[in-house]
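See structure below.
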Amino acid sequence: MGRGVAIPAALAALVGGLVVGFTGAQSGTWLLPLALSVGGLLSLASRPSALPWLLIAGVVALSVQQEWSRRLPVGLSGQDLEVDAKVVDVQAQPGAQRLRLHIERCTAPAHVPNCERLGSVRVSAYGHTFQAGERWRMILRLRPPSGFLNPHAFDYEQWLWREGIHATGYVRTDPAPQKLAAAAPRLRPWASAWLAQRPLAPRTQRWLAALTLGDSEQLTQEDWALLNATGTTHLVVISGLHVGLVASFVLLLGRYSARLSSPTHWRLRTWPWWLAGAAAVAYAGLAGLAPPAMRAMIMTLLGLWVLSGRHAPGPWQAWWLALALVLIVDPLALWRPGLWLSFLAVGWLIIIWQGRARPRGIKGWCWALLRSQLLLAPLMAAAVLLAFGRVAPVAPLINLLAVPWVSSIMVPSALLGWLFSPLPGLEMLPWWVFEQALAAFHWLLRVAVDAAPLWQPPAPLVYPLAGSLVLVSLCWGLPAMPRWLGFASLALVATLPGWPRETALADGQLRVTVHDVGQGQLVELRSANRRFLYDTGPRFRSGFMPLQSLWPPGQVIDQVIVSHADTDHAGGVDALLADHQVGQWWAPEGEALPVAGRPCRQGQHWQMDGIRYRVLWPPRGENALSSNDRSCVLAVKVGEHQLLLTGDVGRQVERQLLTQLDGPVSVLVAGHHGSATSSGVQFVRHTTPQHVVFSAGRDNAFGHPADDVVRRFRQQQSCLWSTAHDGALRFLLTPGQPISVRPMRALAGGHQRC
C-alpha cells in the first residue's frame with residue numbers, strides 16, 4: 001500500500017471532521033448533504049479518482065454532524081423527559097451513582113421541542129442501584145452539555161463533546177425508575193465482580209482492574225492525582241503499551257510453537273501473526289473498546305502487519321493508514337489529546353529508529369528502551385504542556401524507570417494471574433508479585449511528586465518552554481542537528497521553572513478573578529506579593545469540589561476568608577486543607593467549619609502592597625443573626641476603585657453597610673448570587689456599582705439572578721456580568737486607570753455590556 005492511499009485518506013478524514021466540528025453547530029442539517037452531493041458530482045465530472053477521498057471526508061463529516069444534531073435542544077433544559085435507556089457505564093460515588101446512558105426512546109412535553117435525536121447522556125442517580133447493560137424507563141431532568149470556564153483549567157464542556165455526551169442531568173426519583181430488562185451476561189463485569197472477591201488489598205484490586213480490564217474508573221481521585229502529577233497516566237489507561245505487550249507475548253508463544261511443530265520452515269508460518277492480532281482484538285474488546293483501547297488495537301494490528309513483512313506497508317504508510325482508520329471509526333478522536341499524543345510518540349519513534357537495525361539480546365533491548373525513553377521524554381513533555389498547560393517536572397526520569405517496571409513486571413504478572421485463575425491458589429502467586437511491584441511503583445511516584453510537584457507555568461512561559469523541549473528532542477534525535485544547541489536548550493529549560501509564575505503586578509495593583517464554580521462563589525484576589533481567596537466554592541452531592549479543578553496541588557495562599565459556612569461558599573475548604581497551603585483562615589464566629597480561623601469582625605482593617613482591606617460586617621460578639629446575615633463583608637480599596645464582597649447578607653444588613661462605604665463601588669459581587677433577598681433598592685441606588693458580577697450556576701433551580709435585581713442594576717447603568725454565561729471574570733484594578741475586564745466567554749446571555 002503506497003502513500004497514494006494512506007496519506008490522502010488520512011487528510012480527507014481530517015478535513016471532513018475539522019470543518020464540520022467547528023461549523024456544524026451553526027450550519028443547518030441540509031447544508032452538509034448538499035455540499036457533499038455537489039462535490040461528488042464535480043469529482044465524477046472532472047476527476048473521478050478523487051471520489052474515494054470525498055466519500056471518506058463525507059463519512060467523517062456526517063458522523064460529526066450527527067453528534068452536533070444529537071445535543072439536547074436549549075428549550076428542553078430543565079424539562080422532565082421520559083426515556084427508555086440502556087445503562088452503558090456505572091461509576092460509584094458517595095451516596096449516588098454516575099450513569100452513562102444510551103437513549104433508545106425519548107418523549108418530551110407537548111409544548112417544547114422534541115428529543116427524538118438525543119443519543120448519550122451522563123446523569124447522577126440517587127436511591128436506586130443500576131448495573132451496566134440493564135434497560136430502564138425513567139424520568140430525566142437534563143440540560144445541554146456545559147461546564148465551568150476558568151483560566152488554564154480543565155474544560156469540562158469540551159470533554160463532554162469529545163466523549164460524545166449530548167446532555168447531563170439527573171434521574172428523578174418520583175416517579176421511580178422502572179427496570180425493563182436485566183443485563184445480559186458479559187465477560188468484563190463478571191471478571192470485575194470475580195476480582196472483587198479475591199483476598200487482595202483494595203488498591204491492588206482497583207489497579208488490577210485498570211491494567212487488565214480497562215476499568216480505570218475504579219481508580220480513586222487520589223490515584224489519578226498522583227499519576228497526573230508524575231506524568232504516568234499513560235501507563236494505566238489501556239493503550240498501545242498494554243495491547244502491544246499482549247500481542248507480543250502471544251506472538252512469541254506462537255512462533256515458538258511453530259518452531260517446535262515445523263522446525264524446517266517455521267518462519268513461513270503466518271498463523272502466529274494472526275494469533276497475535278486476534279489477541280490484540282480480544283484484549284481491546286475485554287477493555288470495552290474504549291477510545292484508547294480501540295486506537296491501540298488499530299495501531300498494534302498495523303504494527304504487526306509491518307513487522308511481518310508480508311505485502312506490508314512501510315512504517316510511515318502504516319502511521320497514516322492508522323490515523324485514517326481511527327478517524328473513520330471514531331471521528332470524535334480528533335478532539336481527544338490522547339490521539340495526538342499517541343501518534344506523535346509513534347511518529348517520533350519511527351524517526352529515531354528509521355534505518356537502524358533491530359536490537360538483539362537483553363542488552364540490546366535495554367539500550368533501545370533507554371534510548372527511546374530519553375529521546376521521547378522531552379518531546380512528550382512539550383506536547384502535554386501545550387495540550388494541558390501543565391507539566392510534571394519528574395516525568396522524564398520517572399518514565400525512564402516506570403515504563404520498564406510496568407511493562408516487564410506489573411503487566412505480565414497481572415495477566416499471568418488471570419491465566420492461572422482456573423487453578424485455585426496459583427493465581428495468587430503472580431498477583432502477590434504484582435502487589436509488591438505496585439507498592440514499589442506507588443512509593444516511587446510519592447517520592448517523585450514530593451520532590452517536584454506538578455507545575456503549571458504562567459501562560460507567557462508555555463510556548464517558550466515547549467519550544468525549548470522540542471528543540472532538545474530534535475537536537476538529540478536528528479543526526480544533522482548540532483548537539484550544543486540541545487544542551488543550550490536544556491539549560492534554558494532548567495531555568496524556566498524558577499521564573500515568576502504569574503505576570504508581575506505593580507505595587508497598588510489588584511487582580512480580581514471571580515471564578516466560574518457553578519452555584520457558589522469563589523473570588524481570588526492577587527496583589528504584588530499576596531494571594532487571597534474570598535470563599536472556596538461549592539461542594540456537590542457527588543463530593544466534587546470545583547476548586548479541585550482550578551489549580552494543581554501545592555498552591556500557597558496567604559489568606560482565605562470564608563464568608564459563612566453554607567456549602568456553596570465553604571464547600572472547597574476540604575480541598576484547600578488536603579492539597580494546598582493556607583497561611584491564615586478567616587470566618588465569622590459561630591460558623592461550623594472544619595478549620596479554626598481568625599474571627600471576622602466589623603472594624604478590622606489592614607494594608608498590604610498598597611491596597612486597603614476593611615471588614616464591614618458582622619458586628620463583634622454573639623448575635624442572633626442567621627448564617628447568611630453573619631456573612632463576612634469585605635471592602636477592598638485600590639486608589640479610587642473599590643471592590644465590595646457581601647456574601648449572602650440580606651437587605652436589612654445591606655442598609656447598615658451604607659454608612660461604612662468609603663466612596664462609590666467599582667466592582668460588586670452581587671449578594672446571595674443575585675437572589676431577591678439581597679441587592680435591595682436603597683443599596684443599589686446608593687452604591688451605583690460600575691460592574692456587577694452574579695456568581696451563579698447556569699439554569700440553577702433558584703432562578704438566580706432574580707429579574708427584579710437585574711432590572712435595579714440596569715436602571716443604575718451598571719455593567720452586568722454572570723459567571724453562568726461569561727465564565728470566569730478577571731478585573732484589573734489600577735489606581736488612576738479605567739478598570740480592565742476580561743471575561744472567559746464572550747456571550748451576551750441577556751446581560752448588558754459596557
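Just so you know, these numbers come straight off a predicted model, no measurement behind them.
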Option passing side chain to side chain contact (heavy atoms under 4.5 Å, CB included) with Ser473 (candidates Ile351, Leu478, Leu376, Leu379): Leu379
Is there a donor-acceptor pair under 3.5 Å between the side chain of [X] and the backbone N or O of [Y]?
{"X": "Ser342", "Y": "Gly338", "value": "yes"}
{"X": "Trp207", "Y": "Pro202", "value": "no"}
{"X": "Asn228", "Y": "Trp224", "value": "yes"}
{"X": "Gln158", "Y": "Asp155", "value": "no"}

Within the structure provided, determine whether [X] and [Y] are in side-chain contact (heavy-atom separation under 4.5 Å).
{"X": "Ile165", "Y": "Trp159", "value": "yes"}
{"X": "Leu375", "Y": "Leu349", "value": "no"}
{"X": "Phe249", "Y": "Pro412", "value": "no"}
{"X": "Leu227", "Y": "Leu219", "value": "yes"}
{"X": "Leu444", "Y": "Val447", "value": "no"}
{"X": "Phe434", "Y": "Thr204", "value": "yes"}
{"X": "Tyr156", "Y": "Phe154", "value": "yes"}
{"X": "Val5", "Y": "Trp320", "value": "no"}

For the atom pair [atom1] ([X]) and [atom2] ([Y]), what is the distance rounded to the nearest 0.5 Å?
{"X": "Leu195", "Y": "Gln218", "atom1": "CG", "atom2": "CD", "value": "7.0 Å"}
{"X": "Arg446", "Y": "Leu226", "atom1": "CZ", "atom2": "CG", "value": "5.0 Å"}
{"X": "Ser308", "Y": "Leu251", "atom1": "OG", "atom2": "CG", "value": "9.5 Å"}
{"X": "Leu302", "Y": "Met297", "atom1": "CG", "atom2": "CE", "value": "10.0 Å"}
{"X": "Leu325", "Y": "Leu301", "atom1": "CG", "atom2": "CG", "value": "9.5 Å"}
{"X": "Glu222", "Y": "Arg203", "atom1": "CD", "atom2": "CZ", "value": "12.5 Å"}

Return the set of residues passing side chain to side chain contact (heavy atoms under 4.5 Å, CB included) with Pro145 (not counting sequence neighbours), or none when no residue passes. Arg71, Leu160
Might you work through the side-chain contact (heavy atoms from CB on, under 4.5 Å) test for Phe148 and Leu550, ending with a clear yes or no? CA-CA 10 Å; Phe148 307 136; Leu550 296 179; over 6 Å; no
Looking only at the aromatic ring of each residue, does the gap between the centers of [Y] and [X] stay below 6.0 angstrom?
{"X": "Trp194", "Y": "Trp418", "result": "yes"}
{"X": "Phe441", "Y": "Trp405", "result": "no"}
{"X": "Trp271", "Y": "Trp274", "result": "no"}
{"X": "Trp68", "Y": "Trp161", "result": "yes"}

Using the side-chain contact (heavy atoms from CB on, under 4.5 Å) rule, take Trp273 and Leu307 through it: C-alpha gap first, then chi angles, then the decisive distance, then the call. CA-CA 9 Å; Trp273 298 92; Leu307 292 174; 4.0 Å; yes
Passes side-chain contact (heavy atoms from CB on, under 4.5 Å), Arg162 versus Leu334? Steps please. CA-CA 8 Å; Arg162 63 179 183 249; Leu334 268 171; over 6 Å; no
[X] versus [Y], closest heavy-atom pair with distance:
{"X": "Glu157", "Y": "Gly147", "answer": "CB-N, 3.7 Å"}
{"X": "Met380", "Y": "Leu341", "answer": "CE-O, 3.4 Å"}
{"X": "Ala153", "Y": "Ser549", "answer": "CB-O, 3.4 Å"}
{"X": "Ala284", "Y": "Ala293", "answer": "CB-O, 3.8 Å"}
{"X": "Ala6", "Y": "Leu321", "answer": "CB-N, 3.8 Å"}
{"X": "Ala296", "Y": "Val243", "answer": "CB-CG2, 3.8 Å"}

Check step by step if side-chain contact (heavy atoms from CB on, under 4.5 Å) holds for Arg336 and Leu332. CA-CA 7 Å; Arg336 295 192 181 102; Leu332 292 183; 4.2 Å; yes
Surrounding CZ of Arg198 (heavy atoms of other residues, nucleotides or ligands, distance under 6.0 Å), is the total greater than 12? yes
Only one of Glu67, Arg100, Glu163 passes side-chain hydrogen bond (donor to acceptor under 3.5 Å, both in side chains) with Ser120; say which it is. Arg100
